[in-house]
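Below is one structure, written out as structure tokens, with a few remarks after it.
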Amino acid sequence: MPAAALSPEVLAKYEPVIGLEVHVQLLTASKAFCGCPNRFGAEPNTNICPVCLGLPGALPVLNEKAVEFATLASLAINCQVRERSIFARKNYFYPDLPKGYQISQFDKPLAEHGWIEVPTADGGTRRIGITRLHMEEDAGKSIHDGLADSANHTSLDLNRCGTPLAEIVSDPEMHTPDEAFEYLTRLKEILLYCGVSDCNMEEGSLRCDANVSVRPKGQEKLGTKAEVKNVNSFRFVRAALEYEIERQIEVIEAGGRVIQESRLWNASEGRTYSMRSKEQAHDYRYFPEPDLPPLIVAPAFLEARRAELPELPEARRARMIAEYEINRQDSFTLSASREFADRFETAAKSARNPRRVANLLLNEVGGRLKALELEQENSPVSMAGIVLAADLLDEGKISSKQLKQLFDVCFEKNEDFPAVYEREKPQQITDASAIEKLIDEVIAANPKQVEQYRAGKKTMAGFFVGQVMKASKGQANPALLNELVTRRLEG
Ligand SMILES: [Zn+2]
């Protein structure tokens, strides 16, 4: 179906409505209801036991750490946590679900009524509602290719059975693929900051299903939705939504009806395919899990989780903007991960001037990394190196020109700043009379600027400092130079 055939005028008649379901594996040591290791990449079918395989007579026991993580995540996305939630059996058959049902939560989930802030194109933010967060277990994995006998067989790896999941369901209130992309990015960031999941999409620890429908603008009633299943990158979610929105509009424009169904995204073809008609909730015959008591989240447990909440990314960015006098774009760079933000802030606090550390990291180091297309983790200059550079600048022991030259050497030779500084310790002119001689030359050569300074334009001092620094080939001691220039001009 050539989606490009639709004109902007036709597209503009419709409003897309998007809701997202995110499954996130919780980073517990053991599984949700048994003691098997919860670990990716083990030999197939080695981390399994009667409980996670659902063998007759086996009984599940809830992993408290999983409840801690799910509760922490619920608070981080501003949900109300239910004191008493109920596990339910979701019955369906699938080869990688040996129990024939999944332990999930249904009408009494762990948490509801949350929201997160998502940046908008105009530089503001918009609040996206979160319907619920509930706990459930993962299924195993069917392996259709990559093995010697894959041409004839599908293999099963049941290690993943019983891995604890939080499913986070947004309200259906996003209207563009870009907004969905932002929501996912921010949600993932929050979960990473909380440390409840590694959110590794390649390993499947964060997975996303997108529900999308279109309706004529102004119509209250939602259109029929399609669900795009298991898209494995946020970029693909955006592309799949773009495709799906146009496909649905095309169907309606041609006089047809959108069918409620699950669709699969094919990344190499850039389109979705019908997979199966979508189950309704009643198809699963949910009923309360008879082997597990209601989950009670006592007030003390909840408060303990609240106390564990880290400073979340959006709040951290707001504080960083104020504290380090940086712009919003730079605050995203510095808060890219909690680990990086922590390292930066620990370093900044140890320096004489934390703002200078931010500035050097973003501009001097960041600029060189960008020019070389390197990531932060490949930077030759460590945080400690940046702190040393900032302090040397601050104490006037090197000029900013010398600093730039030293950083250039760091990047050329892939060496950290302290080593380069020790070796190349730039010459510095600290002899006042030598500097004064240069100042006199510059003053003599620039009578007009001297006049302006003496007429009250004090900022002219910077001009003289710059000129003398240049004449000294960047070697004049900056603090001394500043002092001498002012004294000479005033004198
Ligand atoms: Zn097990």
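Treat the numbers as computed from the prediction; the structure is a model and nothing was measured. These values consider heavy atoms only, across backbone and side chains, with no hydrogens, waters or symmetry-generated copies. For ligands, and for the atoms within them, numbers begin at 1 and follow the listed sequence.
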With sequence neighbours left out, write down each residue that passes side-chain contact (heavy atoms from CB on, under 4.5 Å) with [X], or none if nothing qualifies.
X    : result
N327 : Q329, D330
A111 : S74, C79, V81, L133
A390 : R356, V357, L360

Please identify which of these residues, E246, Q219, E253, meets the side-chain hydrogen bond (donor to acceptor under 3.5 Å, both in side chains) condition with Y14. E253
Polar side chain donor-acceptor pair, T176 to D178, under 3.5 angstrom: no
Mind checking the CZ-SG spacing from F33 to C52? Nearest 0.5 Å is all I need. 11.5 Å
Using a cut-off of 2.8 Å, find all protein N, O or S atoms closer to the Zn ion (ligand 1) than that distance.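 N, O, S partners closer than 2.8 Å: C34 SG, C36 SG, C49 SG, C52 SG.
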